Amino acid sequence: MTKDYSLNFYSIFKWVIIISFVVYAVFPFLWLVLASLKTNAELLDNPFKLPKVFQFQNYSNAIQEAGLIQLIINSLVISTCATFLNILFASMCAFAIARHIFWWKNVLFLMITAGILVPLNALIIPYYAIINFLNLYDTRIGLILVYCAVGLPVSTFILTEFFKGIPKEIEEASYLDGCNFVARYFRIMLPLALPGLATAGTFQFILCWNEFIYAMLLTSSTEIRTIQFGISYFTNEFFSDYVGMFAAVVVSILPSITVFILFQERVITGLTAGSVKG
Amino acid sequence: MKIKKDEVGWLLLFIAPTLILFTLFFILPILFLLASSFTNWDGISAEFVGFENYVKLFNKKSFVRAITNNLYWCITAALITVPLGLIIALLLSHRSRGWKVFRTVLFVPQVVSSAAIAMLWAAVFNAEYGLLNFILDNIGLSDYKNHNWLGNVRTANAALIGFSLCYVGYFMVIMLAKTASISEDYYDAAKIDGASQIQKDFYITAPLIKSTFFLCIILAVIFNLRQFEYVYLMTAGGPANKTQVLVVYIWNELTVQRLGRGSAAGVIMIALGAMLLLLLRRILKSETYN
(Lines give C-alpha, C1' and ligand atoms only; values in the text may rest on other atoms or scores of the structure.)
Protein backbone atom coordinates (compact mmCIF):
# COMPACT_ATOMS: atom_id res chain seq x y z
CA MET A 1 0.00 0.00 0.00
CA THR A 2 2.70 2.48 0.95
CA LYS A 3 4.41 1.87 -2.37
CA ASP A 4 1.28 2.70 -4.28
CA TYR A 5 0.91 5.88 -2.31
CA SER A 6 4.43 7.09 -3.03
CA LEU A 7 3.94 6.29 -6.68
CA ASN A 8 0.89 8.48 -6.78
CA PHE A 9 2.67 11.29 -5.07
CA TYR A 10 5.49 10.99 -7.56
CA SER A 11 3.17 11.07 -10.53
CA ILE A 12 1.43 14.17 -9.20
CA PHE A 13 4.84 15.80 -8.80
CA LYS A 14 5.65 14.70 -12.32
CA TRP A 15 2.62 16.31 -13.91
CA VAL A 16 3.01 19.50 -11.91
CA ILE A 17 6.58 19.91 -13.15
CA ILE A 18 5.83 19.03 -16.74
CA ILE A 19 2.72 21.16 -17.02
CA SER A 20 4.34 24.17 -15.36
CA PHE A 21 7.21 24.12 -17.83
CA VAL A 22 4.87 23.67 -20.75
CA VAL A 23 3.02 26.75 -19.53
CA TYR A 24 6.32 28.61 -19.13
CA ALA A 25 7.43 27.75 -22.65
CA VAL A 26 4.15 28.24 -24.50
CA PHE A 27 1.98 30.65 -22.56
CA PRO A 28 3.90 33.78 -23.67
CA PHE A 29 3.44 32.73 -27.31
CA LEU A 30 -0.29 32.25 -26.88
CA TRP A 31 -0.55 35.58 -25.08
CA LEU A 32 1.32 37.28 -27.93
CA VAL A 33 -1.13 35.88 -30.47
CA LEU A 34 -4.08 36.98 -28.34
CA ALA A 35 -2.63 40.45 -27.79
CA SER A 36 -1.93 40.86 -31.49
CA LEU A 37 -5.66 40.56 -32.18
CA LYS A 38 -6.69 43.47 -29.94
CA THR A 39 -6.69 47.21 -30.31
CA ASN A 40 -3.96 49.20 -28.55
CA ALA A 41 -6.49 50.67 -26.13
CA GLU A 42 -7.73 47.20 -25.17
CA LEU A 43 -4.17 46.01 -24.63
CA LEU A 44 -3.26 48.88 -22.31
CA ASP A 45 -6.53 48.56 -20.45
CA ASN A 46 -6.26 44.86 -19.70
CA PRO A 47 -3.47 42.83 -21.34
CA PHE A 48 -5.26 39.57 -20.84
CA LYS A 49 -8.94 40.09 -21.67
CA LEU A 50 -10.31 38.69 -24.91
CA PRO A 51 -10.81 41.46 -27.49
CA LYS A 52 -14.37 42.60 -28.31
CA VAL A 53 -13.73 42.14 -32.00
CA PHE A 54 -10.75 40.20 -33.32
CA GLN A 55 -8.64 42.78 -35.12
CA PHE A 56 -7.35 40.74 -38.03
CA GLN A 57 -6.44 43.89 -39.90
CA ASN A 58 -3.53 44.26 -37.44
CA TYR A 59 -1.90 41.54 -39.47
CA SER A 60 -2.43 43.04 -42.91
CA ASN A 61 -1.23 46.39 -41.55
CA ALA A 62 1.84 44.82 -39.97
CA ILE A 63 2.76 42.87 -43.08
CA GLN A 64 2.64 46.08 -45.14
CA GLU A 65 4.19 48.38 -42.56
CA ALA A 66 7.24 46.21 -41.91
CA GLY A 67 7.55 44.80 -45.44
CA LEU A 68 7.43 41.32 -43.94
CA ILE A 69 7.01 39.50 -47.25
CA GLN A 70 10.26 40.97 -48.58
CA LEU A 71 12.07 40.17 -45.32
CA ILE A 72 10.90 36.56 -45.39
CA ILE A 73 11.84 36.11 -49.05
CA ASN A 74 15.31 37.54 -48.34
CA SER A 75 15.78 35.14 -45.46
CA LEU A 76 14.60 32.22 -47.56
CA VAL A 77 16.96 33.00 -50.44
CA ILE A 78 19.98 33.56 -48.21
CA SER A 79 19.34 30.54 -45.96
CA THR A 80 18.67 28.21 -48.89
CA CYS A 81 21.80 29.21 -50.80
CA ALA A 82 23.98 29.05 -47.70
CA THR A 83 22.59 25.64 -46.72
CA PHE A 84 23.08 24.25 -50.22
CA LEU A 85 26.69 25.42 -50.43
CA ASN A 86 27.42 24.34 -46.88
CA ILE A 87 26.10 20.81 -47.40
CA LEU A 88 27.82 20.49 -50.79
CA PHE A 89 31.23 21.55 -49.42
CA ALA A 90 30.91 19.70 -46.13
CA SER A 91 29.81 16.46 -47.81
CA MET A 92 32.67 16.65 -50.31
CA CYS A 93 35.15 17.11 -47.50
CA ALA A 94 33.47 14.46 -45.35
CA PHE A 95 33.59 12.01 -48.28
CA ALA A 96 37.30 12.61 -48.69
CA ILE A 97 37.95 12.15 -44.97
CA ALA A 98 35.61 9.24 -44.21
CA ARG A 99 36.41 7.10 -47.21
CA HIS A 100 40.06 7.63 -48.04
CA ILE A 101 43.40 7.12 -46.43
CA PHE A 102 45.90 9.96 -46.44
CA TRP A 103 48.33 10.79 -43.69
CA TRP A 104 46.96 14.21 -42.68
CA LYS A 105 43.29 13.32 -42.58
CA ASN A 106 43.02 13.04 -38.81
CA VAL A 107 44.74 16.38 -38.34
CA LEU A 108 42.35 17.93 -40.83
CA PHE A 109 39.27 16.43 -39.19
CA LEU A 110 40.36 17.44 -35.69
CA MET A 111 41.16 20.96 -36.78
CA ILE A 112 37.81 21.47 -38.51
CA THR A 113 35.73 19.98 -35.70
CA ALA A 114 37.63 22.02 -33.11
CA GLY A 115 35.95 24.96 -34.85
CA ILE A 116 32.68 23.88 -33.20
CA LEU A 117 34.03 25.03 -29.86
CA VAL A 118 35.20 28.48 -30.93
CA PRO A 119 32.84 31.18 -29.59
CA LEU A 120 32.46 32.78 -33.02
CA ASN A 121 30.74 35.92 -31.77
CA ALA A 122 34.14 36.99 -30.46
CA LEU A 123 35.24 37.32 -34.08
CA ILE A 124 32.81 39.98 -35.28
CA ILE A 125 35.55 42.57 -35.76
CA PRO A 126 37.72 40.37 -38.02
CA TYR A 127 34.63 39.21 -39.93
CA TYR A 128 33.66 42.80 -40.54
CA ALA A 129 37.17 43.57 -41.77
CA ILE A 130 37.42 40.48 -43.98
CA ILE A 131 34.04 41.01 -45.62
CA ASN A 132 34.90 44.65 -46.27
CA PHE A 133 38.27 43.62 -47.66
CA LEU A 134 36.56 41.21 -50.07
CA ASN A 135 34.23 44.06 -51.07
CA LEU A 136 31.22 42.03 -49.99
CA TYR A 137 29.77 44.36 -47.36
CA ASP A 138 26.00 44.72 -47.70
CA THR A 139 25.72 41.97 -50.33
CA ARG A 140 23.77 38.72 -50.23
CA ILE A 141 26.90 36.85 -51.32
CA GLY A 142 28.84 38.08 -48.31
CA LEU A 143 26.21 36.90 -45.88
CA ILE A 144 25.78 33.57 -47.69
CA LEU A 145 29.53 33.01 -47.55
CA VAL A 146 29.71 33.71 -43.82
CA TYR A 147 26.67 31.53 -43.03
CA CYS A 148 28.07 28.72 -45.13
CA ALA A 149 31.46 28.97 -43.42
CA VAL A 150 30.35 29.19 -39.78
CA GLY A 151 28.28 26.01 -40.19
CA LEU A 152 31.06 23.97 -41.81
CA PRO A 153 32.55 22.43 -38.63
CA VAL A 154 29.20 21.03 -37.45
CA SER A 155 28.13 19.83 -40.91
CA THR A 156 31.51 18.23 -41.62
CA PHE A 157 31.38 16.50 -38.27
CA ILE A 158 27.81 15.16 -38.68
CA LEU A 159 28.43 14.02 -42.26
CA THR A 160 31.82 12.39 -41.63
CA GLU A 161 30.35 10.37 -38.76
CA PHE A 162 27.38 9.45 -40.94
CA PHE A 163 29.51 8.44 -43.94
CA LYS A 164 31.68 6.24 -41.72
CA GLY A 165 28.56 4.31 -40.74
CA ILE A 166 27.64 3.40 -44.32
CA PRO A 167 28.91 -0.07 -45.35
CA LYS A 168 31.93 0.10 -47.63
CA GLU A 169 31.06 -2.90 -49.85
CA ILE A 170 28.98 -1.14 -52.48
CA GLU A 171 31.58 1.53 -52.91
CA GLU A 172 34.43 -0.96 -53.12
CA ALA A 173 32.59 -2.96 -55.77
CA SER A 174 32.03 0.12 -57.84
CA TYR A 175 35.68 1.08 -57.32
CA LEU A 176 36.77 -2.27 -58.78
CA ASP A 177 34.36 -1.79 -61.67
CA GLY A 178 36.26 1.37 -62.50
CA CYS A 179 33.93 3.96 -61.02
CA ASN A 180 36.03 7.10 -60.49
CA PHE A 181 36.26 9.44 -57.50
CA VAL A 182 33.58 11.92 -58.56
CA ALA A 183 31.15 9.23 -59.66
CA ARG A 184 31.55 7.38 -56.37
CA TYR A 185 30.65 10.57 -54.53
CA PHE A 186 27.64 11.49 -56.66
CA ARG A 187 26.27 8.08 -57.59
CA ILE A 188 27.05 5.96 -54.54
CA MET A 189 27.69 8.11 -51.49
CA LEU A 190 25.12 10.89 -51.79
CA PRO A 191 22.09 8.63 -52.46
CA LEU A 192 23.04 6.38 -49.53
CA ALA A 193 23.64 9.33 -47.25
CA LEU A 194 20.34 11.15 -47.82
CA PRO A 195 19.17 10.90 -44.18
CA GLY A 196 22.50 12.29 -42.97
CA LEU A 197 22.36 15.10 -45.52
CA ALA A 198 18.84 15.93 -44.38
CA THR A 199 19.89 16.04 -40.72
CA ALA A 200 22.90 18.27 -41.37
CA GLY A 201 20.86 20.36 -43.81
CA THR A 202 18.09 20.95 -41.28
CA PHE A 203 20.59 22.04 -38.66
CA GLN A 204 22.29 24.39 -41.08
CA PHE A 205 19.05 25.85 -42.42
CA ILE A 206 17.69 26.65 -38.98
CA LEU A 207 21.04 28.15 -38.00
CA CYS A 208 20.92 30.46 -41.03
CA TRP A 209 17.24 31.29 -40.69
CA ASN A 210 17.58 32.30 -37.04
CA GLU A 211 20.92 34.08 -37.31
CA PHE A 212 20.98 37.68 -36.12
CA ILE A 213 24.38 39.15 -35.32
CA TYR A 214 26.13 38.65 -38.68
CA ALA A 215 23.06 39.93 -40.53
CA MET A 216 23.29 43.11 -38.44
CA LEU A 217 27.07 43.27 -38.83
CA LEU A 218 27.33 42.69 -42.57
CA THR A 219 24.25 44.23 -44.18
CA SER A 220 22.63 47.64 -44.01
CA SER A 221 20.23 48.18 -46.91
CA THR A 222 16.56 47.24 -46.62
CA GLU A 223 16.48 45.31 -49.92
CA ILE A 224 18.56 42.44 -48.60
CA ARG A 225 17.67 42.62 -44.90
CA THR A 226 16.75 39.27 -43.33
CA ILE A 227 13.69 38.71 -41.18
CA GLN A 228 15.63 38.34 -37.93
CA PHE A 229 17.49 41.60 -38.41
CA GLY A 230 14.21 43.15 -39.53
CA ILE A 231 12.64 42.23 -36.18
CA SER A 232 15.03 44.58 -34.39
CA TYR A 233 13.51 47.49 -36.32
CA PHE A 234 9.97 46.68 -35.23
CA THR A 235 10.20 48.77 -32.05
CA ASN A 236 10.99 51.86 -34.12
CA GLU A 237 8.74 51.11 -37.07
CA PHE A 238 5.68 50.50 -34.96
CA PHE A 239 6.61 52.96 -32.23
CA SER A 240 3.48 53.02 -30.06
CA ASP A 241 1.46 50.62 -32.22
CA TYR A 242 2.12 47.68 -29.89
CA VAL A 243 -0.46 45.35 -31.37
CA GLY A 244 0.96 45.93 -34.85
CA MET A 245 4.39 45.01 -33.54
CA PHE A 246 3.01 41.89 -31.90
CA ALA A 247 1.35 40.86 -35.16
CA ALA A 248 4.65 41.34 -36.98
CA VAL A 249 6.48 39.20 -34.43
CA VAL A 250 3.82 36.48 -34.75
CA VAL A 251 4.16 36.47 -38.55
CA SER A 252 7.94 36.25 -38.28
CA ILE A 253 7.70 33.29 -35.90
CA LEU A 254 5.09 31.47 -37.97
CA PRO A 255 7.37 29.94 -40.65
CA SER A 256 9.66 28.35 -38.04
CA ILE A 257 6.80 26.91 -36.01
CA THR A 258 5.02 25.55 -39.10
CA VAL A 259 8.13 23.83 -40.38
CA PHE A 260 8.81 22.46 -36.92
CA ILE A 261 5.32 21.01 -36.53
CA LEU A 262 5.46 19.44 -40.00
CA PHE A 263 8.91 17.90 -39.63
CA GLN A 264 9.21 17.47 -35.85
CA GLU A 265 11.39 14.39 -35.78
CA ARG A 266 13.75 15.66 -38.44
CA VAL A 267 14.13 19.06 -36.77
CA ILE A 268 14.73 17.57 -33.34
CA THR A 269 17.37 15.14 -34.62
CA GLY A 270 18.87 17.90 -36.73
CA LEU A 271 19.16 20.40 -33.90
CA THR A 272 20.54 17.93 -31.39
CA ALA A 273 22.87 16.13 -33.82
CA GLY A 274 25.62 18.70 -33.42
CA SER A 275 25.83 17.72 -29.78
CA VAL A 276 26.79 14.09 -30.26
CA LYS A 277 30.31 14.80 -29.11
CA GLY A 278 31.75 17.65 -27.08
CA MET B 1 40.26 3.25 -49.35
CA LYS B 2 43.78 3.86 -50.60
CA ILE B 3 44.09 6.68 -53.06
CA LYS B 4 45.06 5.94 -56.65
CA LYS B 5 47.77 8.25 -57.93
CA ASP B 6 45.50 9.84 -60.50
CA GLU B 7 42.83 10.58 -57.91
CA VAL B 8 44.94 12.73 -55.59
CA GLY B 9 43.91 15.79 -57.57
CA TRP B 10 40.22 15.04 -57.01
CA LEU B 11 40.77 14.43 -53.34
CA LEU B 12 42.44 17.81 -52.90
CA LEU B 13 39.73 19.47 -54.95
CA PHE B 14 37.04 17.98 -52.70
CA ILE B 15 38.74 19.19 -49.55
CA ALA B 16 39.65 22.61 -50.95
CA PRO B 17 36.36 24.54 -50.54
CA THR B 18 35.96 23.57 -46.90
CA LEU B 19 39.62 24.17 -46.15
CA ILE B 20 39.65 27.57 -47.85
CA LEU B 21 36.51 28.76 -46.07
CA PHE B 22 37.77 27.37 -42.77
CA THR B 23 41.04 29.23 -43.17
CA LEU B 24 39.26 32.42 -44.20
CA PHE B 25 36.64 32.41 -41.44
CA PHE B 26 38.26 30.54 -38.56
CA ILE B 27 42.06 30.54 -38.66
CA LEU B 28 42.65 33.93 -40.24
CA PRO B 29 40.14 35.82 -38.03
CA ILE B 30 41.65 34.40 -34.86
CA LEU B 31 45.17 35.42 -35.89
CA PHE B 32 43.83 38.77 -37.05
CA LEU B 33 42.03 39.29 -33.74
CA LEU B 34 45.18 38.51 -31.79
CA ALA B 35 47.29 40.86 -33.90
CA SER B 36 44.90 43.79 -33.83
CA SER B 37 44.39 43.46 -30.08
CA PHE B 38 47.89 44.90 -29.60
CA THR B 39 47.19 47.96 -31.74
CA ASN B 40 45.06 51.08 -31.51
CA TRP B 41 43.42 50.29 -34.85
CA ASP B 42 40.44 52.54 -35.57
CA GLY B 43 39.53 51.38 -39.06
CA ILE B 44 41.96 53.75 -40.75
CA SER B 45 45.36 53.50 -39.08
CA ALA B 46 46.89 51.15 -36.58
CA GLU B 47 49.89 51.51 -34.31
CA PHE B 48 51.42 48.95 -32.01
CA VAL B 49 50.52 49.75 -28.41
CA GLY B 50 51.54 46.58 -26.58
CA PHE B 51 49.26 45.48 -23.78
CA GLU B 52 47.58 48.86 -23.38
CA ASN B 53 44.18 47.60 -24.59
CA TYR B 54 44.18 44.74 -22.12
CA VAL B 55 45.22 46.94 -19.20
CA LYS B 56 42.52 49.50 -20.07
CA LEU B 57 39.85 46.82 -20.40
CA PHE B 58 40.53 45.30 -17.03
CA ASN B 59 40.41 48.73 -15.45
CA LYS B 60 36.99 49.38 -16.96
CA LYS B 61 34.17 48.58 -14.57
CA SER B 62 31.72 47.86 -17.39
CA PHE B 63 34.05 45.29 -18.92
CA VAL B 64 34.60 43.43 -15.68
CA ARG B 65 30.84 43.52 -15.19
CA ALA B 66 30.42 41.99 -18.67
CA ILE B 67 32.67 39.08 -17.72
CA THR B 68 30.85 38.54 -14.42
CA ASN B 69 27.49 38.65 -16.16
CA ASN B 70 28.61 36.10 -18.74
CA LEU B 71 29.68 33.88 -15.85
CA TYR B 72 26.24 34.38 -14.24
CA TRP B 73 24.59 33.26 -17.47
CA CYS B 74 26.86 30.21 -17.66
CA ILE B 75 26.42 29.25 -14.01
CA THR B 76 22.64 29.63 -14.11
CA ALA B 77 22.47 27.44 -17.19
CA ALA B 78 24.81 24.80 -15.76
CA LEU B 79 23.35 24.67 -12.26
CA ILE B 80 19.66 25.33 -12.91
CA THR B 81 18.60 24.93 -16.53
CA VAL B 82 20.46 21.70 -17.26
CA PRO B 83 19.50 19.93 -13.99
CA LEU B 84 15.87 20.95 -14.57
CA GLY B 85 16.22 19.52 -18.05
CA LEU B 86 17.47 16.30 -16.48
CA ILE B 87 14.47 16.09 -14.16
CA ILE B 88 12.01 16.63 -16.99
CA ALA B 89 13.89 14.13 -19.16
CA LEU B 90 13.64 11.54 -16.36
CA LEU B 91 9.92 12.19 -15.99
CA LEU B 92 9.26 11.97 -19.72
CA SER B 93 11.44 8.88 -20.00
CA HIS B 94 8.54 6.88 -18.53
CA ARG B 95 7.04 7.42 -21.95
CA SER B 96 3.60 7.74 -20.44
CA ARG B 97 0.77 8.86 -22.66
CA GLY B 98 1.39 12.06 -24.57
CA TRP B 99 5.12 12.33 -23.80
CA LYS B 100 5.89 13.20 -27.41
CA VAL B 101 3.52 16.15 -27.32
CA PHE B 102 5.24 17.54 -24.21
CA ARG B 103 8.64 17.01 -25.75
CA THR B 104 7.61 18.87 -28.89
CA VAL B 105 6.03 21.74 -26.98
CA LEU B 106 9.02 22.20 -24.69
CA PHE B 107 11.31 22.26 -27.71
CA VAL B 108 9.48 25.16 -29.38
CA PRO B 109 11.66 27.99 -27.93
CA GLN B 110 14.71 26.33 -29.47
CA VAL B 111 13.19 26.49 -32.97
CA VAL B 112 12.15 30.14 -32.82
CA SER B 113 14.89 32.71 -33.40
CA SER B 114 16.49 34.48 -30.44
CA ALA B 115 15.50 37.82 -31.93
CA ALA B 116 11.80 36.89 -31.90
CA ILE B 117 12.05 35.40 -28.40
CA ALA B 118 13.68 38.62 -27.22
CA MET B 119 10.77 40.68 -28.58
CA LEU B 120 8.28 38.28 -27.05
CA TRP B 121 9.77 38.41 -23.58
CA ALA B 122 10.39 42.13 -23.76
CA ALA B 123 6.62 42.38 -24.21
CA VAL B 124 6.03 40.06 -21.26
CA PHE B 125 8.26 42.24 -19.05
CA ASN B 126 6.87 45.54 -20.32
CA ALA B 127 5.78 47.98 -17.63
CA GLU B 128 2.61 49.30 -19.30
CA TYR B 129 1.03 46.28 -20.95
CA GLY B 130 3.27 43.40 -19.88
CA LEU B 131 1.89 39.99 -19.02
CA LEU B 132 4.07 39.55 -15.94
CA ASN B 133 2.92 42.69 -14.12
CA PHE B 134 -0.67 41.88 -14.95
CA ILE B 135 -0.39 38.42 -13.44
CA LEU B 136 1.43 39.70 -10.35
CA ASP B 137 -1.18 42.41 -9.90
CA ASN B 138 -3.97 39.87 -10.09
CA ILE B 139 -2.47 37.55 -7.51
CA GLY B 140 -2.21 40.44 -5.09
CA LEU B 141 1.37 41.64 -5.57
CA SER B 142 0.30 45.11 -6.60
CA ASP B 143 3.64 46.69 -5.65
CA TYR B 144 4.76 45.62 -9.09
CA LYS B 145 1.90 47.29 -10.89
CA ASN B 146 4.06 49.52 -13.08
CA HIS B 147 7.41 47.96 -12.41
CA ASN B 148 9.78 48.20 -15.37
CA TRP B 149 11.58 44.88 -15.09
CA LEU B 150 14.17 45.45 -17.79
CA GLY B 151 14.73 49.11 -17.00
CA ASN B 152 15.29 48.72 -13.29
CA VAL B 153 18.83 48.31 -12.02
CA ARG B 154 17.79 45.75 -9.45
CA THR B 155 15.66 43.46 -11.59
CA ALA B 156 17.07 43.74 -15.14
CA ASN B 157 19.66 41.00 -14.83
CA ALA B 158 17.42 38.64 -12.90
CA ALA B 159 14.64 39.07 -15.46
CA LEU B 160 16.98 38.38 -18.37
CA ILE B 161 18.64 35.35 -16.86
CA GLY B 162 15.36 34.08 -15.41
CA PHE B 163 13.50 33.92 -18.68
CA SER B 164 16.35 31.98 -20.28
CA LEU B 165 15.08 28.98 -18.30
CA CYS B 166 12.61 28.48 -21.14
CA TYR B 167 15.52 26.79 -22.99
CA VAL B 168 15.24 23.82 -20.67
CA GLY B 169 13.62 21.89 -23.54
CA TYR B 170 16.77 21.68 -25.62
CA PHE B 171 18.82 19.94 -22.96
CA MET B 172 15.85 17.83 -21.97
CA VAL B 173 15.55 16.48 -25.52
CA ILE B 174 19.24 15.60 -25.73
CA MET B 175 19.08 13.67 -22.44
CA LEU B 176 15.73 12.11 -23.27
CA ALA B 177 17.15 10.76 -26.53
CA LYS B 178 19.90 9.09 -24.52
CA THR B 179 17.43 7.33 -22.22
CA ALA B 180 16.03 5.47 -25.23
CA SER B 181 19.31 3.54 -25.49
CA ILE B 182 19.06 2.09 -21.96
CA SER B 183 18.29 -1.63 -21.96
CA GLU B 184 14.91 -2.69 -20.55
CA ASP B 185 16.69 -5.44 -18.56
CA TYR B 186 17.79 -2.98 -15.90
CA TYR B 187 14.24 -1.91 -15.25
CA ASP B 188 12.94 -5.48 -15.23
CA ALA B 189 15.56 -6.46 -12.67
CA ALA B 190 14.72 -3.43 -10.55
CA LYS B 191 11.03 -4.27 -10.75
CA ILE B 192 11.69 -7.76 -9.39
CA ASP B 193 13.65 -6.18 -6.55
CA GLY B 194 10.62 -4.02 -5.81
CA ALA B 195 12.05 -0.66 -6.81
CA SER B 196 9.61 2.23 -7.06
CA GLN B 197 9.48 4.51 -10.07
CA ILE B 198 11.40 7.24 -8.31
CA GLN B 199 14.13 4.77 -7.37
CA LYS B 200 14.35 3.53 -10.95
CA ASP B 201 14.68 7.09 -12.20
CA PHE B 202 17.37 8.17 -9.79
CA TYR B 203 19.36 4.95 -9.39
CA ILE B 204 19.18 3.54 -12.91
CA THR B 205 18.31 6.13 -15.52
CA ALA B 206 20.14 9.13 -14.08
CA PRO B 207 23.56 7.43 -13.64
CA LEU B 208 23.32 5.88 -17.10
CA ILE B 209 22.85 9.24 -18.84
CA LYS B 210 25.53 10.98 -16.78
CA SER B 211 27.87 11.53 -19.72
CA THR B 212 25.09 13.21 -21.69
CA PHE B 213 24.27 15.37 -18.69
CA PHE B 214 27.90 16.55 -18.60
CA LEU B 215 27.81 17.19 -22.32
CA CYS B 216 24.75 19.38 -21.80
CA ILE B 217 26.59 21.39 -19.16
CA ILE B 218 29.45 22.00 -21.58
CA LEU B 219 27.00 23.03 -24.31
CA ALA B 220 25.17 25.33 -21.91
CA VAL B 221 28.41 27.08 -20.99
CA ILE B 222 29.45 27.54 -24.63
CA PHE B 223 26.03 28.91 -25.61
CA ASN B 224 25.90 31.36 -22.75
CA LEU B 225 29.37 32.70 -23.39
CA ARG B 226 28.16 33.66 -26.88
CA GLN B 227 25.09 35.36 -25.43
CA PHE B 228 24.19 38.40 -27.52
CA GLU B 229 20.66 38.78 -28.90
CA TYR B 230 18.71 38.88 -25.64
CA VAL B 231 20.91 41.43 -23.99
CA TYR B 232 21.32 43.53 -27.11
CA LEU B 233 17.63 43.58 -28.03
CA MET B 234 16.08 43.70 -24.57
CA THR B 235 18.34 46.00 -22.55
CA ALA B 236 21.31 46.84 -24.81
CA GLY B 237 23.51 46.17 -21.79
CA GLY B 238 21.72 48.77 -19.66
CA PRO B 239 20.53 50.11 -17.29
CA ALA B 240 23.91 51.55 -16.28
CA ASN B 241 25.80 48.60 -17.81
CA LYS B 242 24.14 46.35 -15.27
CA THR B 243 23.35 43.63 -17.83
CA GLN B 244 26.44 44.07 -20.03
CA VAL B 245 27.90 40.90 -21.59
CA LEU B 246 31.08 40.35 -23.59
CA VAL B 247 29.67 40.21 -27.11
CA VAL B 248 27.55 43.33 -26.60
CA TYR B 249 30.67 45.02 -25.23
CA ILE B 250 32.63 44.06 -28.35
CA TRP B 251 29.77 45.25 -30.52
CA ASN B 252 29.78 48.65 -28.81
CA GLU B 253 33.53 49.01 -29.32
CA LEU B 254 33.00 48.13 -32.98
CA THR B 255 30.33 50.80 -33.46
CA VAL B 256 32.63 53.51 -32.11
CA GLN B 257 35.49 52.19 -34.26
CA ARG B 258 37.71 51.28 -31.30
CA LEU B 259 38.60 48.12 -33.17
CA GLY B 260 41.86 47.38 -31.35
CA ARG B 261 40.15 47.54 -27.96
CA GLY B 262 37.26 45.41 -29.22
CA SER B 263 39.71 42.83 -30.55
CA ALA B 264 41.36 42.60 -27.16
CA ALA B 265 37.94 41.95 -25.63
CA GLY B 266 37.45 39.22 -28.26
CA VAL B 267 40.77 37.59 -27.36
CA ILE B 268 39.80 37.64 -23.69
CA MET B 269 36.46 36.05 -24.55
CA ILE B 270 38.07 33.22 -26.51
CA ALA B 271 40.61 32.65 -23.73
CA LEU B 272 37.82 32.61 -21.16
CA GLY B 273 35.93 30.04 -23.26
CA ALA B 274 39.01 27.82 -23.52
CA MET B 275 39.64 28.09 -19.78
CA LEU B 276 36.05 27.23 -18.91
CA LEU B 277 36.14 24.22 -21.23
CA LEU B 278 39.37 22.91 -19.73
CA LEU B 279 38.09 23.48 -16.22
CA LEU B 280 34.82 21.68 -16.95
CA ARG B 281 36.63 18.80 -18.61
CA ARG B 282 38.76 18.42 -15.55
CA ILE B 283 35.88 18.57 -13.06
CA LEU B 284 33.61 16.33 -15.09
CA LYS B 285 36.29 13.80 -15.93
CA SER B 286 37.22 13.21 -12.31
CA GLU B 287 33.49 12.87 -11.62
CA THR B 288 33.10 10.21 -14.30
CA TYR B 289 35.86 8.01 -12.97
CA ASN B 290 34.92 8.21 -9.31
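Just so it is clear, the structure is predicted and the values come from calculations on it, not from any experiment. Proteins come first, then strands; the chains are lettered A, B, ... in the order of their sequence lines, and each starts at number 1.
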For [X], is it the side chain, the backbone, both or neither that has a heavy atom under 4.5 Å from a heavy atom of chain A?
{"X": "L33(B)", "result": "both"}
{"X": "I20(B)", "result": "neither"}
{"X": "V112(B)", "result": "both"}
{"X": "L259(B)", "result": "both"}
{"X": "L84(B)", "result": "side chain"}
{"X": "W251(B)", "result": "both"}

Are the side chains of [Y] and [X] in contact, using a 4.5 Å heavy-atom criterion?
{"X": "V22(A)", "Y": "V101(B)", "answer": "no"}
{"X": "P119(A)", "Y": "I270(B)", "answer": "yes"}
{"X": "T235(A)", "Y": "M119(B)", "answer": "yes"}
{"X": "M111(A)", "Y": "L19(B)", "answer": "yes"}
{"X": "V111(B)", "Y": "W209(A)", "answer": "no"}
{"X": "I15(B)", "Y": "M92(A)", "answer": "no"}
{"X": "I117(B)", "Y": "F29(A)", "answer": "yes"}
{"X": "V26(A)", "Y": "V108(B)", "answer": "no"}

Of all of [options], which one pairs up most often with chain A through heavy atoms under 4.5 Å apart?
{"options": "L272(B), I268(B), L132(B), D201(B)", "value": "D201(B)"}
{"options": "I135(B), V124(B), L246(B)", "value": "V124(B)"}
{"options": "L165(B), I87(B), L92(B), I222(B)", "value": "L165(B)"}
{"options": "C216(B), P109(B), G266(B), A115(B)", "value": "A115(B)"}
{"options": "L120(B), L254(B), L90(B)", "value": "L120(B)"}
{"options": "L131(B), L24(B), L28(B), L12(B)", "value": "L131(B)"}

Q) Is there any side chain to side chain donor-acceptor pair (under 3.5 Å) pair reaching into residues 96-111 of chain B, and which pairs are they, with sequence neighbours excluded? A) K14(A)-S96(B), Q264(A)-T104(B), E265(A)-R103(B)
Please report the shortest heavy-atom distance between [X] and [Y], naming the atom on each side.
{"X": "L106(B)", "Y": "A25(A)", "result": "CD2-CB, 4.3 Å"}
{"X": "I231(A)", "Y": "S113(B)", "result": "CD1-OG, 4.4 Å"}
{"X": "F26(B)", "Y": "L120(A)", "result": "CE2-CD2, 3.7 Å"}
{"X": "F22(B)", "Y": "P153(A)", "result": "CE1-CG, 4.2 Å"}
{"X": "V118(A)", "Y": "R226(B)", "result": "O-NH2, 3.7 Å"}

Quick check on [X] against chain B: is it the side chain, the backbone, both or neither that has a heavy atom closer than 4.5 Å?
{"X": "L43(A)", "result": "both"}
{"X": "L85(A)", "result": "neither"}
{"X": "I268(A)", "result": "both"}

(Q) In terms of relative ring orientation, are F212(A) and Y232(B) parallel, tilted or perpendicular, with 30° and 60° separating the classes? (A) tilted
Q: Give the ring-plane orientation class for F181(A) versus F14(B), where under 30° counts as parallel, over 60° as perpendicular and anything between as tilted.
A: perpendicular
Q. So F134(B) and W31(A), ring pair (Phe, Tyr, Trp, His ring centres under 6.0 Å) or not? Walk me through it.
A. CA-CA 12 Å; F134(B) 178 75; W31(A) 173 66; 9.2 Å; no
Q: Check each of W121(B), Y167(B), F163(B) against Y24(A) using the ring pair (Phe, Tyr, Trp, His ring centres under 6.0 Å) test, and report the only one that passes.
A: W121(B)
Q.
Quick test of your reading: applying salt bridge (Lys or Arg N to Asp or Glu O under 4.0 Å), list the pairs with at least one residue in residues 19-29 of chain B, sequence neighbours left out, ordered by first then second residue.
A. none
Q.
Test of understanding: with ring-ring contact (aromatic ring centres under 6.0 Å, His included), list the residues that count as partners of F25(B), not counting sequence neighbours.
A. Y127(A)
Q) Using a heavy-atom distance cut-off of less than 4.5 Å, which residues of residues 246-254 of chain A contact chain B? A) F246(A), V249(A), I253(A)
(Q) Ignoring hydrogens and geometry beyond distance, is a side-chain donor-acceptor pair present between Y242(A) and N126(B) at under 3.5 Å? (A) no
Q) Quick one: does N121(A)'s side chain have a donor or acceptor within less than 3.5 Å of a partner on Q227(B)'s backbone? A) no
